[in-house]
**Q** 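Below you will find the structure I want to go over with you.
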Number of protein chains: 2
Amino acid sequence: MPLFRAVKRALLQALESGVIAPGEALPSERELALCFGVSIGTLRHAVDELVAEHILVRRQGRGTFAATHNADRFLFQFFHVERRDGLREAPRVELAAFERVRIDDEDVADALGIRVGELAFQVDNRLLLQGRAVVHDRITLPANLFRGMTEKRFRERPSTIYQLYQSEFGINVVRVLERASAVGADRLASRMLGVLPGTPLMQVRRTALGFADKPVEYRVSNINTAQHDYVSLHAKPA
Amino acid sequence: MPLFRAVKRALLQALESGVIAPGEALPSERELALCFGVSIGTLRHAVDELVAEHILVRRQGRGTFAATHNADRFLFQFFHVERRDGLREAPRVELAAFERVRIDDEDVADALGIRVGELAFQVDNRLLLQGRAVVHDRITLPANLFRGMTEKRFRERPSTIYQLYQSEFGINVVRVLERASAVGADRLASRMLGVLPGTPLMQVRRTALGFADKPVEYRVSNINTAQHDYVSLHAKPA
DNA sequence: TAGTGGTCTAGACCACCTG
DNA sequence: AGGTGGTCTAGACCACTAC
């Protein structure tokens with residue numbers, strides 16, 4: 001294994017274990033290089049990769065920081081709905097239901113790497129853009145990863161959902177896998193989005209992964225694409 | 001502007017102008033560094049970015065090559081439909097129609113950066129996976145970029161569509177922007193995909209960009225997601 | 001064996017930010 | 001002024017590939 005990758009693993013370990021907390025500054029690159037016994041170039045190579053994965057954030061003149069799940073990161077990395085004319089706007093999120101359930105869907109269990117019958121929290125949210133319901137999310141969280149989760153804590157989170165996971169449960173969503181298809185609106189979606197049953201909707205099934213690609217959340221989004229699009233981020237690199 | 005970015009631009013210029021043709025090897029990194037008058041580290045920084053954008057391909061021990069549009073690149077970078085169980089397979093592409101048209105849709109003209117009324121080629125393809133029609137594509141190509149295009153050349157292309165653009169018209173698709181929504185199948189889609197009119201389909205609108213982000217193709221894909229998904233590539237970096 | 005890219009070093013100097 | 005990341009240098013050695 002290349003040295004820079006070993007350094008990267010060590011940094012990831014420090015982040016995962018909480019030795020470096022979200023939002024905290026890392027030691028300077030010179031210090032880190034000294035501490036790991038590598039040259040500054042090698043240290044930077046490792047950090048470069050973590051920055052590309054949005055796990056670390058560099059700020060010139062200030063330092064390198066463990067990324068936090070703030071509103072901007074949500075909007076630009078994890079929210080993929082945009083008005084057709086390209087306007088990207090943070091949604092208003094309304095909690096519609098919060099339940100403790102036993103997972104009964106094999107696909108959900110598979111995605112989360114657990115078994116049917118295990119306990120989970122199931123959260124339904126309605127997302128509004130410019131006052132109109134556009135998305136219905138059903139989020140499934142493995143109960144054993146979110147011990148102490150309550151409707152109150154979920155509802156009264158100060159910031160984004162992933163920020164809640166990060167600050168209250170030590171769970172860092174690092175990236176997501178998404179698969180989409182078109183479906184006709186079912187009763188629930190019809191009611192939540194105010195469309196006729198059978199209306200074509202986009203259904204996005206997301207598995208959110210933490211460090212080491214551990215699944216931490218499964219989410220099914222039903223999107224009313226009458227005036228909005230799902231935007232695939234093949235964003236410009238560099 | 002940083003030096004490595006100037007080097008990157010020079011390399012891009014060499015690729016765009018055909019000084020380095022697709023599939024050709026670049027001079028070695030040592031030679032290039034010497035030629036540009038920069039250190040090997042700086043040269044590599046520039047090349048690293050182009051590799052990340054899939055414009056160059058490194059092969060250890062062999063050299064660095066200008067990327068070609070082969071079947072693999074199509075499948076893994078530009079084809080986003082997968083069977084629900086995760087099987088990714090190259091589609092069989094059937095040419096359904098080839099016409100010279102005047103662009104009458106403002107959205108299409110906007111996407112291509114040209115005006116309504118300009119000449120274009122419009123190609124309809126049907127994509128089959130395991131013998132079943134899953135996707136209908138309507139491709140629009142600005143006529144002034146594809147001088148000499150004929151149905152015969154399109155139909156008898158030896159490899160992928162983007163390979164045809166690259167080898168016959170000197171047009172390199174570098175990346176694509178995609179926006180998706182759900183629609184009910186119209187008459188055409190219904191016939192091409194063998195589904196009832198109104199069946200929910202995913203519609204993906206793609207703008208393909210060449211060097212300098214110049215739009216070179218607009219494509220609308222209607223996807224029957226009964227057994228397949230559209231997969232968003234938030235692929236694992238590194 | 002010779003040539004390529006992949007990794008790594010041990011610095012230097014600059015631009016930027018904060019006190 | 002002092003510290004941070006951003007860029008750049010001029011090499012070295014290694015692993016891989018082809019002949």
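Given the structure is predicted, the values throughout are model-derived calculations rather than measurements. Quick note on labels: first sequence line is chain A, next is B, and so on, each numbered from 1.
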**Q** Thr207(A) and Arg179(A): side-chain donor and acceptor closer than 3.5 Å?
**A**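 Per modelled atom types, Thr207(A) and Arg179(A) side chains form no pair under 3.5 Å.
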**Q** Just the rounded figure in Å: distance from C1' of dT7(C) to CD1 of Ile40(A).
**A** 17 Å
**Q** Look at the side-chain N and O atoms of Ser39(B) and state whether any lies under 4.0 Å from the OP1 or OP2 oxygen of dG11(D).
**A**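 Result: no.
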**Q** Please state whether the rings of Tyr230(B) and His80(B) are parallel, tilted or perpendicular, taking 30° and 60° as the class boundaries.
**A**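 Perpendicular, since the angle between the ring planes exceeds 60°.
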**Q** Compare the minimum distances between each of dC8(C), dT4(D), dT9(D) and the side chain of Thr42(B), then state the nucleotide with the smallest one.
**A**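 The listed nucleotide nearest to Thr42(B)'s side chain is dT9(D).
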**Q** Between atom CD in Glu49(B) and atom C1' in dG6(D), what is the gap in whole Å?
**A**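 Interatomic distance, CD of Glu49(B) to C1' of dG6(D): 13 Å.
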**Q** What's the CZ-C1' distance between Arg58(B) and dT7(C), to the nearest Å?
**A**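 That distance rounds to 11 Å.
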**Q** For the residue pair Arg58(B) / Gln60(B), report whether a side-chain donor-acceptor contact shorter than 3.5 Å exists.
**A** no
**Q** Need one value for Arg30(A): base, sugar-phosphate or nothing, where a base atom within 4.0 Å counts as base even if backbone is also close, heavy atoms only.
**A**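 If one applies the 4.0 Å heavy-atom cut-off, Arg30(A) turns out to touch a base.
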**Q** At 4.0 Å (heavy atoms only), tell me whether Arg59(B) reaches a base, stays on the sugar-phosphate, or touches nothing.
**A**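 Counting heavy atoms under 4.0 Å across all strands, the contact made by Arg59(B) is with sugar-phosphate only.
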**Q** Describe the nucleic acid contact of Gln60(B) in one word from base, sugar-phosphate, nothing, applying a heavy-atom distance below 4.0 Å.
**A** base
**Q** Write down the distance between CZ (Arg5(B)) and P (dT7(D)), rounded to a whole number of angstrom.
**A**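 Whole-Å distance recorded here is 7 Å.
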**Q** May I have the distance from Phe4(A) (atom CZ) to dC14(D) (atom P), rounded to whole angstrom?
**A**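 Answer to the nearest Å: 18 Å.
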**Q** May I have the distance from His45(A) (atom NE2) to dC8(C) (atom P), rounded to whole angstrom?
**A**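 In whole Å, dC8(C) P lies 8 Å from His45(A) NE2.
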**Q** Can a cation-pi geometry be assigned to Arg59(B) and Phe65(B), taking NZ or CZ under 6.0 Å from the six-membered ring centre and within 45° of the ring axis?
**A**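 Checked: cation-pi criterion met.
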**Q** Kindly say if Arg44(A) contacts the phosphate of dG6(D), meaning a side-chain N or O under 4.0 Å from OP1 or OP2.
**A**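 Result: yes.
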**Q** Send over the distance from Arg62(A) CZ to dG6(D) C1', rounded to a whole Å.
**A**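 Taking CZ of Arg62(A) and C1' of dG6(D), I get 16 Å after rounding.
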**Q** Using a strict cut-off of less than 4.0 Å between a Lys/Arg side-chain nitrogen and an Asp/Glu carboxylate oxygen, indicate whether Arg157(A) and Glu168(A) qualify as a salt bridge.
**A**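 Judged by the 4.0 Å cut-off on N to carboxylate O distance, Arg157(A) and Glu168(A) do not form a salt bridge.
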**Q** Using atom CG of Leu3(B) as one end and atom P of dG6(D) as the other, report the distance to the nearest whole Å.
**A** 17 Å
